[in-house]
Chemist: 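Could you have a look at this structure, given as structure tokens, before my questions?
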Amino acid sequence: MIKRATGFYDTFDRREKGTRATHYCPGCGHGIIHKLIAEAMAELGIQDRTVFVSPVGCAAFCFYYFDCGHIAGPHGRASALATGISRVLPDRVVISYQGDGDLGAIGFNNAFQAANRGDHFACFFVNNSLYAMTGGQMAPTTMLGQRTTTTPFGRDASKEGYPLLVCELLDRLQAPVYIERVSVADTKRINKARKAVRKALEIQKDGKGYAFVEFLSPCPTNWRMDPVAAARYTIEEMERTFPLGCFRDRSEQEAPSPNPVPQATIAELFGEGEGGEVAKVDPSFGERGFKFSGFGGQGVLSLGLVMARAAGHAGRFVSWLPSYGPEQRGGYASCSVVISGKEVGSPTVDRPDVLVAMSQPAAERYAGTVLPGGTVLYEASLPCPKVEEGVRLLAFPAMRIAAENGTPKAANTALLGAMSALGLHGLPEERVLEALDDSFSSKPHLVERNRKVYRAACDWARDNL
Ligand code: SF4
């Protein structure tokens, strides 16, 4: 019976409401593969717990069609997303749908490592032997002799290497439960492909592990053929390089296994543990953006992190976003912190309310970005940076205060003290001290030394700024 698979939406609304057509070209294999997945999803009764990860490429608009959960991945990252989703939501059925440019090129490592870990998702790999969406350039799967826009004389192994045989490579790994290459070039092949899709999703339904199905799929548009000739080319040419068949099926032997879940929550990884404040919406606490910057090794990232932790302890919404060069010491380092009385929309801070600068390049780079009404708190041994009108400039001898109080490396803690004394972060002091102590929980001998620097800095800032 020819009918719409119930795994699809009733209409495929894009710009025009009520459309029932897909955005794919006539004769394209994507539509057929979509239908096989939508059918299997509905028939297996997993639609309401399926999360579909779409790729970049011609299939980027999958979310217009499948009536299930959906996430659109960046180029090549669908497998990585599928891993994350399957671990955080272990009861879901996760599908990663990727083309040959997406999976075979930029995303190959992600896909390969996911297969090697035996992550619990079904990966549907659509091989049409070139980059289709961008106009038919050579992909890793382009066949020897095949003409594309970037191999106009045909792919030459001596220059462009050999076509990547993904199923054969994955078949060298131990973890995958199921690997099969199918084709959607004619009815007989589509029926085999239907069984492969169903098997891959059954493996997910039963929680048995990683399943991979490669589809040889016509791309009439970039092959410059009509749909009939493209289907014939898929059979006669593609199958010579990419032989069809089941490489592995351990679905019967494999026992269901629980999806691996993370060993620690984010809070535990960052040492926050349980029992912290839950952020509450507080419209009276306006959003503030901070930038902490300096050289690597000066502790600017830690300074931002302590403040972010203090905000968390105080029940504020907060984000902390580090940025640094490749050098461990002496390179450029900065972090952005947003503290807010409502959910933080973006962790980036292009125009900070407060800049804390510990090096001259950092001060020169960011001082001009501080918002009028804002503050630049900079190490006093540096030259005075240039700022916009209405920005307050405060030179603070952080390095001297830290040294005079016995811990020269704690200039960052001194700056934290100055911020508290000046009320720059709007957080209760006991929360800041709590966060400061937390940050030295693995080096308890430094707790009191940093508290001493902090208190001295507070006193100096109150008296002098
Ligand atoms: S360009 Fe090729 S892969 Fe893309 S929609 Fe058209 S036929 Fe399908």
Side-chain angles (χ1 to χ4, degrees), residues 5 8-9 12-16 19-38 52-66 70 72-76 78 95-108 111 123-143 146-152 154-155 163-164 166 181-187 189-190 193-194 197 213-239 241-242 244:
F8 283 142
Y9 290 120
F12 302 152
D13 294 338
R14 298 198 299 279
R15 288 190 194 90
E16 325 80 41
T19 175
R20 296 179 69 84
T22 71
H23 70 288
Y24 298 114
C25 311
C28 174
H30 277 300
I32 300 166
I33 300 165
H34 282 20
K35 186 172 182 200
L36 300 181
I37 298 171
F52 195 107
V53 187
S54 62
V56 167
C58 285
F61 292 142
C62 283
F63 48 82
Y64 287 130
Y65 311 123
F66 292 100
H70 204 108
H75 201 197
I95 295 172
S96 160
Y97 186 102
Q98 299 181 253
D100 45 338
D102 186 273
L103 184 147
I106 186 171
F108 187 72
C123 185
F124 294 133
F125 171 53
V126 182
N127 176 1
N128 54 25
S129 76
L130 39 67
Y131 281 88
M133 187 191 78
T134 47
Q137 296 86 355
M138 189 195 90
T141 46
T142 297
M143 294 169 287
Q146 185 181 354
R147 292 171 188 241
T148 68
T149 52
T150 48
T151 53
R155 182 173 188 167
L164 200 69
V166 179
R181 181 181 288 130
V182 295
S183 164
V184 291
D186 64 13
T187 311
R189 288 170 169 78
I190 290 170
R194 173 176 283 118
V197 168
V213 180
E214 174 176 347
F215 301 87
L216 303 188
S217 174
C219 174
T221 302
N222 286 301
W223 293 353
R224 314 273 191 267
M225 296 174 189
D226 65 49
V228 174
R232 200 180 312 122
Y233 182 83
T234 309
I235 296 168
E236 291 172 4
E237 296 300 324
M238 285 193 82
E239 287 182 21
T241 302
F242 304 105
L244 303 185

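Whatever order the structure lists ligands and atoms in, that order sets their numbers, starting from 1.
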Chemist: How are the rings of F66 and H34 set relative to one another: parallel (under 30°), tilted (30 to 60°) or perpendicular (over 60°)?
Modeler: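 Rings of F66 and H34: tilted, as their planes differ by 30° to 60°.
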Chemist: Any idea which of G31, C28, C58 brings a heavy atom closest to atom 4 (Fe) of ligand 1?
Modeler: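 Considering heavy atoms of G31, C28, C58, the nearest to atom 4 (Fe) of ligand 1 sits in C58.
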Chemist: Do F61 and H30 make the cut of ring centroids closer than 6.0 angstrom?
Modeler: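 For F61 and H30, the ring centres are not under 6.0 Å apart.
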Chemist: Could you tell me, atom by atom, which parts of ligand 1 come under 4.0 Å of a heavy atom of A132?
Modeler: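 This gives 1 (S), 2 (Fe), 3 (S), 4 (Fe) as the contact atoms.
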Chemist: List the closest protein heavy-atom neighbour of atom 3 (S) of ligand 1: residue, atom name, distance to the nearest 0.1 Å.
Modeler: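 Going by distance alone, atom 3 (S) of ligand 1 is nearest to N128 ND2, 3.4 Å.
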Chemist: Give the C-alpha distance, both sets of side-chain angles, the deciding distance and a yes or no for side chain to side chain contact (heavy atoms under 4.5 Å, CB included) between T241 and Q146.
Modeler: CA-CA 11 Å; T241 302; Q146 185 181 354; over 6 Å; no
Chemist: Nearest protein heavy-atom contact for atom 1 (S) of ligand 1: which residue, which atom, what distance?
Modeler: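 Looking at atom 1 (S) of ligand 1, the protein heavy atom closest to it is N222 ND2, 3.4 Å.
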Chemist: Are the side chain of T150 and the backbone N or O of M138 linked by a donor-acceptor pair below 3.5 Å?
Modeler: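 It does hold such a pair.
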Chemist: With no hydrogens and no angle check, just 3.5 Å: does a side-chain donor-acceptor pair link Y65 and H23?
Modeler: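 Yes, because at least one side-chain N or O of Y65 sits under 3.5 Å from a partner of the opposite role on H23.
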Chemist: Identify, for atom 2 (Fe) of ligand 1, the protein heavy atom at the shortest distance, and state residue, atom and that distance.
Modeler: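 Residue, atom and distance for the closest contact: C219 SG, 2.3 Å.
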Chemist: From C25, does some N, O or S atom reach closer than 2.8 Å to atom 6 (Fe) of ligand 1?
Modeler: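 Looking at C25, which is the residue asked about, there is an N, O or S atom under 2.8 Å from atom 6 (Fe) of ligand 1.
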